[in-house]
*Asks:* 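Next up is a structure, given as structure tokens.
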Amino acid sequence: EKHLSIISPCYTDLFLCISLNLKMLKVKQYDYKDSNVAGIGSALDKACREAAANLEPAWENAGIEEGLRVWRMEKFQVVEWEREDYGKFFDG
């Protein structure tokens, strides 16, 4: 028996498989606790993120002098934004 799957990215836990003879079958429900996102927001997750941030070389001079400092992500690296570029924003 052939099946046509209809998958909506917005409602992945609600989508149905509709067979060619118009029988409707509910797809298996998955629990996020069984995935790699289960620990997001936990104390361990927060501790790991804080430890990683503390090792970031870009933060070495942060907080030494008063004022505003800006960093941005470039190719997955934290890079200090030049003072003359403060207030310039990328749109896109």
Side-chain angles (χ1 to χ4, degrees):
E1 189 173 286
K2 295 181 181 179
H3 290 84
L4 170 67
S5 295
I6 299 173
I7 302 173
S8 169
C10 298
Y11 302 103
T12 55
D13 59 338
L14 299 177
F15 73 87
L16 301 173
C17 288
I18 303 174
S19 69
L20 294 177
N21 63 2
L22 301 178
K23 288 183 185 174
M24 298 180 93
L25 305 171
K26 189 156 182 147
V27 176
K28 179 181 177 187
Q29 298 292 318
Y30 292 96
D31 189 349
Y32 78 94
K33 294 174 189 159
D34 298 330
S35 72
N36 62 345
V37 298
I40 293 177
S42 68
L44 176 61
D45 175 52
K46 290 176 184 176
C48 289
R49 286 187 285 126
E50 182 177 355
N54 288 335
L55 296 175
E56 177 56 55
W59 310 141
E60 285 180 9
N61 296 323
I64 293 176
E65 60 184 60
E66 240 179 74
L68 176 70
R69 308 253 322 254
V70 179
W71 293 267
R72 61 182 258 153
M73 298 300 295
E74 292 180 358
K75 298 182 182 177
F76 299 100
Q77 299 295 316
V78 180
V79 178
E80 188 167 3
W81 192 242
E82 297 295 328
R83 291 187 190 272
E84 60 268 8
D85 292 330
Y86 285 13
K88 294 180 183 176
F89 299 95
F90 176 74
D91 183 21

*Asks:* With a 4.5 Å cut-off on side-chain heavy atoms, are Glu80 and Arg72 touching?
*Replies:*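 The answer is no, as the side chains (C-beta and beyond) never meet within the 4.5 Å cut-off.
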*Asks:* Restricting to non-hydrogen atoms, name the atom on Gly39 and the atom on Asp45 that form the minimum distance, rounded to 0.1 Å.
*Replies:*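 Reported closest heavy-atom pair: O-CB, 3.2 Å.
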*Asks:* If you count heavy atoms of other groups shown closer than 6.0 angstrom to CD of Glu74, is the number above 12?
*Replies:*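 Yes, the 6.0 Å shell around CD holds more than 12 heavy atoms from other groups.
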*Asks:* First locate atom CZ of Arg49, then atom CG of Asn54, and finally report the distance between them rounded to the nearest 0.5 Å.
*Replies:*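 Here the interatomic distance stands at 12.5 Å.
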*Asks:* Hey, what do you get for CD (Glu60) to CG (Leu55), rounding to the nearest 0.5 Å?
*Replies:*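 So the CD of Glu60 and the CG of Leu55 are separated by 10.5 Å.
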*Asks:* So Gln77 and Trp71, do their side chains get closer than 4.5 Å, heavy atoms only?
*Replies:*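 Result no, sub-4.5 Å side-chain heavy-atom pair not found.
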*Asks:* More than 12 heavy atoms of other residues, nucleotides or ligands under 6.0 Å from CD of Glu65: is that the case?
*Replies:*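 Count not over threshold, so no.
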*Asks:* When you group the ILVMFWY residues by side-chain heavy-atom contacts below 4.5 Å and let the links chain together, are Met73 and Trp59 in the same group?
*Replies:*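 Yes, one cluster joins them.
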*Asks:* Looking at every heavy atom in both Arg83 and Leu68, which two are closest together, and how far apart are they?
*Replies:*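 Heavy atoms only, the tightest pair is NH1-O, 3.2 Å.
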